[in-house]
2 protein chains.
Amino acid sequence: MQHQETNFFKEQLRTGEALYLPSISVDCVIFGFHAGQFKVLLLKYKHNNKWALPGGFVYKDEDVENAAIRVLNERTQLKDIFLQQFYLFGDVERSKEKHAEKLLQEEGIEDIDAHWLQQRFVTAGYYALVEYNKVKPVPDALSSECTWHSITDLPDLIIDHKQIIEKGLQVLRRQLNFQPVGYNLLPEVFPIKELQLIYETILGKKLDRANFQRKILSYGILDKKEKHYSGGAHKAPYLYSFNKESYFKALENGLAKEW
Amino acid sequence: MQHQETNFFKEQLRTGEALYLPSISVDCVIFGFHAGQFKVLLLKYKHNNKWALPGGFVYKDEDVENAAIRVLNERTQLKDIFLQQFYLFGDVERSKEKHAEKLLQEEGIEDIDAHWLQQRFVTAGYYALVEYNKVKPVPDALSSECTWHSITDLPDLIIDHKQIIEKGLQVLRRQLNFQPVGYNLLPEVFPIKELQLIYETILGKKLDRANFQRKILSYGILDKKEKHYSGGAHKAPYLYSFNKESYFKALENGLAKEW
DNA sequence: TTATATTGTGTCAAGCTGACACAATATAAC
DNA sequence: GTTATATTGTGTCAGCTTGACACAATATAA
């Protein structure tokens, strides 16, 4: 099975030029939230032990966005992921690292100099928001691992992938009031404190608990559940779920109040 | 001169495959503000009399952003234009119109079916903010006109250029508090009312004059000038200019108050 | 000289923000 | 079983912001 996949990928590396749109790739910054921290899903390349964002190429008859959706499905085993294109990384300089060269060598591809993978690529950055616990990370044929990494403690990344993550976070921060951030990162029901932690992480600052509670409830986008939470040695919080209808309606105009 | 340019362009159409990155183009939504209205700069193609955004291709050793800068310089004769990438339009469907086919025919290019211009293109959308009166619109070799059009009254546009403009406006609207909108659209000195009109146009709603005045001044980003304005039969307003330093500092965190 | 449109500034009620207070309570420690 | 601890739900309140409107000042047109 693993062997078969590798052959499939080798085959694609050989026939890629015929299959894919030249010069353009997609890379996905997959955000998850766990234990009070933001995480991104990264792949570890076999050939150089460096980490990279899950990415891929665009079939000649495929929407660019669909290529990103493919990559996401393959790495996370999830369907219907929330996805947002955030930037096209188009500098000449980003192709200078010759990352592809060693990869091709390692895979035993001939004619490396003229290989399509060696050409210049621009890449479209997409960020995804996923529910951490639902994801089953799957490495691709060129990778040995696919694991979560805290955004505050990233490993060595290929090319400009670190900048791509940072840009993704920056855009997410600015779009916070217009994106269904909590809805996609949290499970169906959750205590308000979890949502507050997400907002604090994205905004990079502490928020007053009482004020956050009052404000988020004032939008009328949360439904209170009867159930209680079982956690630490303290009073149990109520659980809430998003009222999808009013939440998405509120997002159209943005959650306008300040945080 | 005009003839020479045409030949230059014909030459480029022939040698484009060798010069340009395949599959990718840039299109610029150039916004100006005049007579209380938002305008975009459009080109009218000779071969089909349809209008289009100023656009172009990316040299193989050129940053994508630089390609957009080239296009802007050529069409407006301006340097140091404020420019913002806002979206990559990457659907398969957008290449279906066969817009290139007639163009190539018209220009007398042979081997049309295999021509590189006929392939699928994805395009990076950039918006620019320019000072209307400083622009000297220049058509390119394939166009008969390069003129301003009110965004409320757009002509027939090729492919998805209308959607590109709309997306650009939408992004501009959401980024309003983070972009130096007034600084780039207005002349060095201006009355506050002009700035208010820009905000009203982008936001699509009327703002209270007195409140706008108080709020914009409260940011401390405007310097009051001694000079007065000469206009209609009424009290003359003060003129202001942006205090560049405090303006850009304020934009880092966004002009956070609501409009 | 008068009319008109628009400006600079003022007022004020209603609502929101940020900071802090305090009783209630689910579990852990003893 | 009792007590300690951390965290929750809710309350208060001064200070600020918002939105709506008021009114005198004034540059030009009539």
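Everything quoted here is computed from the prediction, not taken from an experiment. Lettering follows sequence order; numbering is per chain, from 1.
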Give the rounded distance in Å between these two atoms: CD of Q196(B) and P of dT6(C). 12 Å

Who pairs with dT1(C) - Watson-Crick or G-U, where each distance is under 3.5 Å: dA30(D)

Without decimals, in angstroms, what is the distance between D208(A) CG and dA21(C) C1'? 11 Å

Paired with dA23(C) by Watson-Crick or G-U wobble geometry, both distances under 3.5 Å: which nucleotide is it? dT8(D)

For the pair D153(B) and S150(B), evaluate side chain to side chain donor-acceptor pair (under 3.5 Å) and give the outcome as yes or no after the intermediate values. CA-CA 5 Å; D153(B) 189 24; S150(B) 169; over 6 Å; no

Between C1' on dC22(C) and NE2 on H234(A), what's the gap in Å once rounded to a whole number? 18 Å

The side chain of A236(A) lies closest to which of these nucleotides: dT17(C), dT10(D), dA26(C)? dA26(C)

Over how many whole Å does the gap from K206(B) atom NZ to dT18(D) atom P extend? 20 Å

Quick one: on DNA chain D, does K235(A) or A210(B) contact a more 5' nucleotide (nearest heavy atom)? K235(A)

Looking at dG8(C), I'd like to know if its phosphate oxygens (OP1 or OP2) sit under 4.0 Å from a side-chain N or O belonging to Q213(B). yes

What is the base-pairing partner of dG1(D), counting Watson-Crick and G-U wobble geometry with both distances under 3.5 Å? dC30(C)

So among L41(A), L42(A), L157(A), which one has a side chain to side chain contact (heavy atoms under 4.5 Å, CB included) with H149(A)? L42(A)

I'd like to know if the side chain of D208(B) reaches the main chain of N211(B), judged simply by a donor and an acceptor atom lying under 3.5 Å from each other, with no hydrogens or angles considered. yes

Return the value, rounded to whole Å, for the distance between atom NZ of K224(A) and atom P of dT10(D). 5 Å

Give the rounded distance in Å between these two atoms: CG of L195(A) and P of dG9(D). 13 Å

How many whole angstroms separate atom CZ of F212(B) from atom P of dT17(D)? 17 Å

Figure out the CD/P separation between E194(B) and dT6(C), and round it to whole Å. 13 Å

base_contact_polar (dG8(C) base, R209(B) side chain, donor-acceptor, <3.5 Å): yes

With K167(A) as the cation and Y87(A) as the aromatic partner, state whether NZ or CZ is under 6.0 Å from the six-membered ring centre and within 45° of the axis. yes

Honestly, is K224(A) close enough over Y240(A), meaning NZ or CZ under 6.0 Å from the six-membered ring centre and within 45° of the axis? no

Residue N211(A), side-chain atoms from C-beta onward, closest of dG18(C), dT7(D), dT5(D): dG18(C)

Which of these nucleotides, dT7(C), dG18(C), dA6(D), is closest to any side-chain atom of R214(A)? dG18(C)

Please determine, for dC16(C), whether a Watson-Crick or G-U wobble partner exists with both distances under 3.5 Å, and give it or none. dG15(D)

N or O in side chain of K215(A) less than 4.0 angstrom from dT17(C) OP1/OP2: yes

